[in-house]
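First the proteins, then the strands, lettered A, B, ... as listed; each starts at 1.
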Number of protein chains: 2
Amino acid sequence: MDTTLRSDLAARGVAPECIETIDLVRDVLARVGDKWTVLVIAALASGPLRFTALHEQVAGISQRMLSQTLRLLTKDGLVTRTAYAEIPPRVEYTLTPLGRSLSNAVDGIVHWVQEHQAEVVQNRTKFEATHPRP
Amino acid sequence: MDTTLRSDLAARGVAPECIETIDLVRDVLARVGDKWTVLVIAALASGPLRFTALHEQVAGISQRMLSQTLRLLTKDGLVTRTAYAEIPPRVEYTLTPLGRSLSNAVDGIVHWVQEHQAEVVQNRTKFEATHPRP
DNA sequence: CTGAATCCCTGCCGATACTG
DNA sequence: CAGTATCGGCAGGGATTCAG
C-alpha cells in the first residue's frame, strides 16, 4: 500500500476519510489502467464466459495474467466466479451489477477518447515536430 | 507501442480504425492510471501553477516524475507550458480545455468510487475472510 | 479445463547530483 | 527556479512448467 502518499497527506492535515477515498480512487484508476482489466471487463460485458473463452476473446493475454486479473476482480466484487463440479471442470465468470456500473463509468473515458482522438493524435505529432529529440 | 495486441486484433479481422481507438483508449487509461497524472491534473484544475508550486501541492512526487508527467500532458495537449524570460525563470502550467474535458471524464470514475467505496472495501475484507492465504 | 508456481527480463519510479 | 542525467531497486508481466 502506498504509505508515502498517505503520510504526506496526513502531515498537511487532510481528513482521514478523505485520504481513504483518494487512496481508493488511485487504486481503482491503477486497476482499470493496468494492461488487461478493462479488456476482461469488456469481454464479460456481453455475458458470462468461461476461462478458456475469455482467454481466446481477450487477445494476447497470458493464462497467468487472466487468472490474476479475474481473482482481483472477484475480490472486489466486480465479477462472480462459479465453478461447476464436473469433469472436465467448468468455471464461469460473470459481471456483477457493481462491475457493470464500473464498466459504465469507464465508458465515459472511452467516449472521451472517441470524441477527442484526432485532436490528441494531432497534438502529439505537432509536439514531436516542434520538439526534436536528437 | 504494444505491437502484440495490435497484430493479435488484426489477425482476427478487426477494423484498423477500431484498433487505433482501442489502442488509444488503453493508452489514455494507462496514463490516467499511472501514479501521478490525475493528481497533477487535479492540482491544475483550480488554476495555473508554476513548477515549484505543483511540486509542493502534489504530495510526494519527485522532480523527475513531475517533469516527466508534465511533458507527457503537454505533448498530448492537455496542459500548456508558458515560460517567461525572466531571472529567475518562471514557468506556468495551465490545463487546456481538452485537459479539462478529460478531467471531467475521469470525474465519472471518482464519483463511482465515492458511491461504491464501502461496498468494494466490504467485498475485499469478506473475500480475504473466505479465501485464507497462508 | 482451470489454474498455481517458478524463472526471468523489462521498464517504472525514487533518490541523488548536476546545469542554465 | 526549473529542470536534466544517472544509477539502482523492485514490481509487472510473459513464457514455461506443474497440479487437481
Side-chain angles (χ1 to χ4, degrees), chain A residues 1-5 7-8 26-27 29-40 48-75 79-94 131-134, chain B residues 1-5 7-8 26-27 29-40 43-44 48-75 79-94 131-134:
Chain A
M1 183 148 341
D2 193 336
T3 306
T4 313
L5 176 67
S7 53
D8 273 337
R26 295 180 106 214
D27 189 89
L29 283 175
R31 187 74 41 93
V32 300
D34 79 359
K35 202 170 178 180
W36 300 112
T37 298
V38 285
L39 293 177
V40 170
L49 287 174
R50 46 195 298 187
F51 190 86
T52 304
L54 270 170
H55 192 216
E56 291 165 357
Q57 181 131 354
V58 179
I61 195 172
S62 65
Q63 282 191 346
R64 170 182 152 78
M65 279 301 108
L66 178 56
S67 174
Q68 184 176 118
T69 301
L70 287 170
R71 183 155 15 90
L72 290 174
L73 289 173
T74 303
K75 175 175 178 177
V79 159
T80 56
R81 193 193 110 112
T82 316
Y84 298 90
E86 307 171 357
I87 292 179
R90 179 166 61 99
V91 178
E92 271 196 354
Y93 291 93
T94 312
H131 293 254
R133 310 291 285 175
Chain B
M1 173 139 356
D2 195 339
T3 306
T4 314
L5 175 68
S7 52
D8 273 336
R26 296 180 106 214
D27 189 88
L29 284 175
R31 186 74 41 92
V32 300
D34 79 2
K35 203 171 179 182
W36 299 112
T37 298
V38 284
L39 294 177
V40 171
L44 289 175
L49 287 175
R50 44 197 299 188
F51 189 86
T52 303
L54 269 171
H55 192 214
E56 290 165 358
Q57 181 130 355
V58 179
I61 194 171
S62 65
Q63 281 193 348
R64 171 183 152 78
M65 278 302 106
L66 178 56
S67 173
Q68 186 176 116
T69 301
L70 287 170
R71 185 157 9 93
L72 290 174
L73 289 174
T74 303
K75 176 174 177 175
V79 160
T80 56
R81 193 195 110 112
T82 317
Y84 298 91
E86 306 170 358
I87 293 178
R90 180 166 60 99
V91 179
E92 273 196 354
Y93 290 93
T94 313
H131 294 254
R133 311 290 288 174

Taking the side chain as C-beta and beyond, is there a heavy-atom pair between [X] and [Y] under 4.5 Å?
| X | Y | answer |
| --- | --- | --- |
| Leu39(A) | Arg26(B) | yes |
| Ile61(A) | Val40(A) | yes |
| Leu70(A) | Phe51(A) | yes |

Whole Å only: how far is the [atom1] atom of [X] from the [atom2] atom of [N]?
| X | N | atom1 | atom2 | result |
| --- | --- | --- | --- | --- |
| Ile61(B) | dT16(C) | CD1 | C1' | 17 Å |
| Asp34(A) | dC12(C) | CG | P | 15 Å |
| Arg71(B) | dA2(D) | CZ | P | 16 Å |
| Arg26(B) | dG13(D) | CZ | P | 10 Å |
| Lys35(B) | dG12(D) | NZ | P | 11 Å |
| Ile87(B) | dG20(C) | CD1 | C1' | 10 Å |
| Leu72(B) | dG11(C) | CG | C1' | 14 Å |
| Leu66(B) | dT16(C) | CG | C1' | 17 Å |

- Contact under 4.0 Å: Ser67(B) side-chain N or O vs dG3(D) OP1/OP2: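 The answer is no; no side-chain N or O of Ser67(B) sits under 4.0 Å from OP1 or OP2.
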
- Can you list the residues that meet the salt bridge (Lys or Arg N to Asp or Glu O under 4.0 Å) rule with Arg90(A), with sequence neighbours excluded?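 Result, salt bridge (Lys or Arg N to Asp or Glu O under 4.0 Å) vs Arg90(A): Glu86(A), Glu92(A).
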
- In Å and rounded to the nearest 0.5 Å, what is the OG1 to OH distance from Thr69(B) to Tyr93(B)?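 The distance works out to 10.5 Å.
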
- Message: Nearest 0.5 angstrom please: Lys75(B) NZ to Arg81(B) CZ, how far?
- Response: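 Lys75(B) NZ to Arg81(B) CZ: 16.0 Å, rounded to 0.5 Å.
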
- Is there a residue in residues 48-59 of chain B whose heavy atoms reach under 4.0 Å of DNA chain D, and which residues are they?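 Nucleic-acid contacts, sorted: Arg50(B), Phe51(B), Thr52(B).
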
State which of [options] makes the closest approach to the side chain of [X].
| X | options | value |
| --- | --- | --- |
| Arg64(B) | dT17(D), dA2(D), dC13(C) | dC13(C) |
| Gln63(B) | dT4(D), dG3(C), dC13(C) | dT4(D) |
| Tyr93(A) | dG3(C), dC13(C), dG13(D) | dG3(C) |
| Met65(B) | dG3(C), dG14(C), dG14(D) | dG14(C) |
| Arg81(A) | dT2(C), dG14(D), dC13(C) | dT2(C) |
| Val91(A) | dG14(D), dT4(D), dG3(C) | dG3(C) |

- Message: On DNA chain D, does the nearest nucleotide to Gly60(A) precede the nearest nucleotide to Pro89(A) from the 5' side, or the other way round? Give the residue.
- Response: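 Closest to the 5' end, via its nearest nucleotide, is Gly60(A).
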
- Message: Check whether Ser67(A) reaches the backbone of Gln63(A) with its side chain - one donor and one acceptor, N or O, closer than 3.5 Å.
- Response: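 Not a single qualifying donor-acceptor pair exists.
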
